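Being a predicted model, the structure only gives us computed values, none of them experimental. Reminder, nothing fancy here: chain letters follow the sequence lines and each chain counts from 1.
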Number of protein chains: 2
Amino acid sequence: MARNYNWKTGCDVEATLSVIGGRWKPVLVCHLLEGRKRFGELRRLTPNATERMITLQLRELEADGVVSRHVYAEVPPRVEYELTEFGRSLEPILMLMQEWGSAFKARRLAEESKGDQSARTA
Amino acid sequence: MARNYNWKTGCDVEATLSVIGGRWKPVLVCHLLEGRKRFGELRRLTPNATERMITLQLRELEADGVVSRHVYAEVPPRVEYELTEFGRSLEPILMLMQEWGSAFKARRLAEESKGDQSARTA
DNA sequence: ACAAGTACCCACATTTTTGTAAGTAATGGA
DNA sequence: TCCATTACTTACAAAAATGTGGGTACTTGT
């Protein structure tokens, strides 16, 4: 129930948000598009998120059938996360978000180096 | 600074979220893909959001250059919102989210009518 | 004997987000 | 004269999300 999005009464976009609307969900799913990864890898790939947040978001994604969790009975522990088929159906969206973000970043960085010496760190 | 997403240090997907990561932003942008709309229309189209939320989200979208705001000096007031060119560059993402959400809804509703008579209202 | 390593969990504090209710301005219509 | 209308704003309250710091288990390597 990420932020009480309501897929039933809301529009189609809201339905999508009910699945990937969480703070770090799109980022995690995106990383998992490259393949099964263990927890520590996801941590390294998502440095702006705390360990706790990653755990929580993965739990919700699991509950929604987007990722599956594979636990190995080893010490030290090893847990791997993988997109389900359902999760993989999100791939086109994430790919577009990645592309758009890449272009956005480039644009912003260009703007920054151009007109603006002062601190517009936002 | 919606939810302190950091487009600089984060991955490309996070950069995108820094623009449309807000609670109602994707929904609003999606509605605006159909064309310029006044505030009241957006309200009707987004019944799960409060008036206040719509205002706040629109303000952030405006600050990020995604929408433009047109105020008419009339009484009662009339204000229209419209995607900027930059905002329109988000169209492919929103369209995919809409499609995916539509399929998701259909799937969920089907599951519901099938196996499950009891109240799984989630 | 002891530290390192992994993937967590827990309690608690703080921050952020969201909702609620009320108020505003100026005009046209009853 | 008074009300309805529209797109807000503001203050306050409640709820949700997020961060912090600590702890755990069990084995391997030193």
Side-chain angles (χ1 to χ4, degrees), chain A residues 1-7 9-10 14 17-28 31-32 36-64 67-82 122, chain B residues 1-7 9-10 14 17-28 31-32 36-64 67-82 122:
Chain A
M1 197 214 284
R3 261 197 215 202
N4 58 307
Y5 285 107
N6 189 326
W7 64 268
T9 66
E14 188 172 345
L17 291 174
S18 74
V19 178
I20 51 165
R23 177 71 173 82
W24 293 103
K25 287 178 188 174
V27 173
L28 292 171
H31 290 318
L32 288 173
R36 182 194 271 233
K37 293 204 185 306
R38 43 190 306 194
F39 184 78
E41 295 182 81
L42 291 173
R43 243 165 65 82
R44 266 167 255 129
L45 291 166
T46 320
N48 291 338
T50 60
E51 196 175 287
R52 182 168 174 281
M53 271 303 106
I54 295 175
T55 303
L56 291 176
Q57 297 283 290
L58 285 171
R59 288 281 178 286
E60 289 191 9
L61 287 170
E62 197 192 352
D64 284 332
V67 307
S68 56
R69 188 164 174 263
H70 307 278
V71 184
Y72 295 82
E74 298 176 3
V75 166
R78 178 153 68 106
V79 180
E80 295 184 349
Y81 292 90
E82 185 182 26
Chain B
M1 197 213 284
R3 252 192 241 190
N4 58 307
Y5 285 106
N6 190 324
W7 63 268
T9 66
E14 187 171 345
L17 292 172
S18 74
V19 177
I20 52 166
R23 177 71 174 84
W24 294 103
K25 288 178 188 175
V27 173
L28 292 171
H31 290 318
L32 288 173
R36 184 193 270 233
K37 295 205 183 305
R38 45 190 303 196
F39 183 77
E41 296 182 81
L42 290 172
R43 241 164 66 82
R44 268 166 253 129
L45 291 167
T46 319
N48 291 338
T50 60
E51 194 175 289
R52 184 168 173 281
M53 271 302 108
I54 295 175
T55 303
L56 291 176
Q57 297 283 290
L58 285 171
R59 289 280 179 287
E60 290 190 9
L61 287 171
E62 196 192 353
D64 284 332
V67 307
S68 56
R69 186 164 175 263
H70 307 278
V71 185
Y72 295 81
E74 298 176 4
V75 167
R78 178 154 67 105
V79 179
E80 294 185 349
Y81 292 90
E82 184 182 26

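- For E41(A), there are no salt bridge (Lys or Arg N to Asp or Glu O under 4.0 Å) partners two or more places apart in sequence or in a different chain.
- Under the salt bridge (Lys or Arg N to Asp or Glu O under 4.0 Å) criterion, R43(A) pairs with E51(A), not counting sequence neighbours.
- Taking R69(A) as the reference, Y81(A) meet the side-chain hydrogen bond (donor to acceptor under 3.5 Å, both in side chains) condition, with sequence neighbours excluded.
- Applying the side-chain contact (heavy atoms from CB on, under 4.5 Å) rule to L56(A) yields the partners R52(A), M53(A); only residues at least two apart in sequence or on another chain are considered.
- Residues that satisfy the side-chain hydrogen bond (donor to acceptor under 3.5 Å, both in side chains) test with Q57(B), not counting sequence neighbours, are absent from this structure.
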Each nucleotide in nucleotides 7-12 of chain D should get exactly one letter: B, S or -. Can you fill that in based on protein heavy atoms under 4.0 Å?
SBS-B-

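- Not counting sequence neighbours, the partners of N48(A) by the side-chain hydrogen bond (donor to acceptor under 3.5 Å, both in side chains) test are T9(B), E14(B).
- For DNA chain C, runs of at least 3 consecutive pairs of the Watson-Crick or G-U wobble type, with both hydrogen-bonding distances under 3.5 angstrom, map to C:1-30 with D:1-30.
- Under the salt bridge (Lys or Arg N to Asp or Glu O under 4.0 Å) criterion, E82(A) pairs with R36(A), not counting sequence neighbours.
- Among residues two or more places apart in sequence or in another chain, the side-chain contact (heavy atoms from CB on, under 4.5 Å) test is passed with T46(B) by W24(B), V27(B), L28(B), H31(B), A49(B), I54(B).
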Could you run down the sub-3.5 Å N/O contacts of the protein with nucleotides 28-30 of chain D?
none

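- In this view, T50(B) satisfies the side-chain hydrogen bond (donor to acceptor under 3.5 Å, both in side chains) rule with no residue, not counting sequence neighbours.
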